[in-house]
Amino acid sequence: MSKPFLPFTRPAIDEETIQGVAEVLRSGWLASGPHVRKFEAALSEYCGGRPVRTQTSATASLEHALLAAGIGAGDEVITPAMSFVATANVIVRAGARPVFVDVGLDTRNIDFDQVEAAITPRTRAIMPVHFAGLPVDMDRLYAIAGRHRLRVIEDAAQAIGSSWRGQRIGSFGDLVCFSFHPNKNVTSIEGGCVVGGSPEEVQELELHRFHGQRKRAEDEVDTLFAAGKANLSDVAARVGLGQLAALERFNARRRELAARYFSLWEQDPPVRLPARGDEGHNCHMFAPLLPLERLRISRRQFIEQMAERGIGVGVHYASAIHLFTAYRALGYRGGQFPNAERIGRETVTLPLFPAMELSDVDRVVEATTDVLRRAAK
Ligand SMILES: *Cc1c(COP(=O)(O)O)cnc(C)c1O
């Protein structure tokens, strides 16, 4: 009998959470209410007591964080050329200019030498990404930001539960944004949050997620500016609460599975392995690079042949951001950020999620090694 298809990721929602959601659905209060406040309190506790405001996606969280920090027209924000496109899109949507720099080939994280070189009098902020949950060098990041008086908006969409020198991402630093998309280490179906901010900035975040409105009394309200709407529902928040309770267990399991990949591929791996990180890595993804120059097959064919063997393979991300039409229109072009471009061509995301067995990793490693051996030039 063949084994069931192994996807590259799958959320794990426990029965207690499903019951909890059913209770919320029966309660008569579905939009933002007590469970959103509870979820924010739990996230705040997780992040050392810092303020937390949730939104309907990390994309909204990042955009609101920029706006709350006062970043807009005429400003430059330095950000990596390899990430999910939302990282750069929010900078454009806030009215500022994304200034791309390259990333490390194995860490996938922003190259701080290039960050320093990219600073101009217009630079207002750095938006680094903790790619796959591997923290950027936080000492270097905040040293540069401090020296040049720059704000930092951390795209920590993939990094919940990661830590730097024993301190959780989100528990220190400037404005830190997490995602609760179903592919992330914990989910609220869709959702995200901003951690940190001055009291004034936290108020701004509240305005941005709800029409720019502030209640003055039960029957009196003001609209301070024309904002959109991005408030989380109580249904989503209840899912998030159940997930947050399992985060440490999930991440411990992810680390075991990732360690298995690294140990099975300790010698002569057929792929280029990503940077391993340490105990502070939440192992959000396991994404090696394919040695395409040495293969007779394309990445698409690799993915197809793995699927024939019952294994799902993702791609994060299929292109460096500056190569997209929207960013070429800002003057960027191919060849500017070779590592980001190469990662876009060669990266594949192999299965890694908490419900996997160690033997599933063995299966993936065997299949990958076999497909690549047969495809060798
Ligand atoms: C997932 C992700 C986002 C966007 O998160 P959403 O909650 O889907 O909006 C932004 N940046 C990175 C690096 C991500 O991985």
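Counting convention: from 1, in listed order, for ligands and their atoms alike. Nothing fancy with the numbering, it's 1 onward along the sequence.
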Could you tell me whether [X] and [Y] make a salt bridge, using a distance below 4.0 angstrom between a side-chain N and a carboxylate O?
| X | Y | result |
| --- | --- | --- |
| D222 | R214 | no |
| R26 | E23 | no |
| D370 | R374 | yes |
| E63 | R93 | yes |
| R147 | E116 | yes |
| D113 | R140 | yes |
| E16 | R238 | yes |

**Message:** Would Y317 count as a polar contact of ligand 1, with the cut-off being nitrogen or oxygen pairs under 3.5 Å?
**Reply:**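 The answer is yes, given that Y317 and ligand 1 share an N or O pair closer than 3.5 Å.
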**Item:** Polar proximity ligand 1 side, A58 side, N/O cut 3.5 Å exclusive
**Value:**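 Yes, at least one N or O pair falls under 3.5 Å.
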Atoms in ligand 1 with a heavy atom of [X] nearer than 4.0 Å:
| X | answer |
| --- | --- |
| T87 | 11 (N) |
| F84 | 2 (C), 3 (C), 4 (C), 10 (C), 12 (C), 14 (C) |
| G191 | 7 (O) |
| S179 | 5 (O), 6 (P), 7 (O) |
| V129 | 13 (C) |

What is the nearest protein non-hydrogen atom to [atom], stated with its residue, atom name and distance?
| atom | answer |
| --- | --- |
| atom 11 (N) of ligand 1 | D155 OD2, 2.7 Å |
| atom 15 (O) of ligand 1 | Q158 NE2, 2.8 Å |
| atom 9 (O) of ligand 1 | T59 OG1, 2.6 Å |
| atom 1 (C) of ligand 1 | K184 NZ, 1.5 Å |

**Request:** Please state whether the rings of Y332 and H322 are parallel, tilted or perpendicular, taking 30° and 60° as the class boundaries.
**Result:**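 Answer is perpendicular, since the angle exceeds 60°.
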**Message:** Parallel, tilted or perpendicular: which one describes the rings of Y142 and F172, with boundaries at 30° and 60°?
**Reply:**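 Correct class here is tilted.
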At the 4.0 Å heavy-atom cut-off, does [X] count as touching ligand 1?
| X | value |
| --- | --- |
| S83 | yes |
| C177 | no |
| H316 | no |

**Request:** Indicate, as side chain, backbone, both or neither, the part of A157 found under 4.0 angstrom from ligand 1 when only non-hydrogen atoms are considered.
**Result:**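 Under 4.0 Å from ligand 1, A157 contributes side-chain atoms alone.
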**Request:** Determine the minimum heavy-atom distance between T54 and R209, stating which atoms define it.
**Result:**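 For T54 versus R209, the nearest heavy atoms are O-NH1, 2.8 Å.
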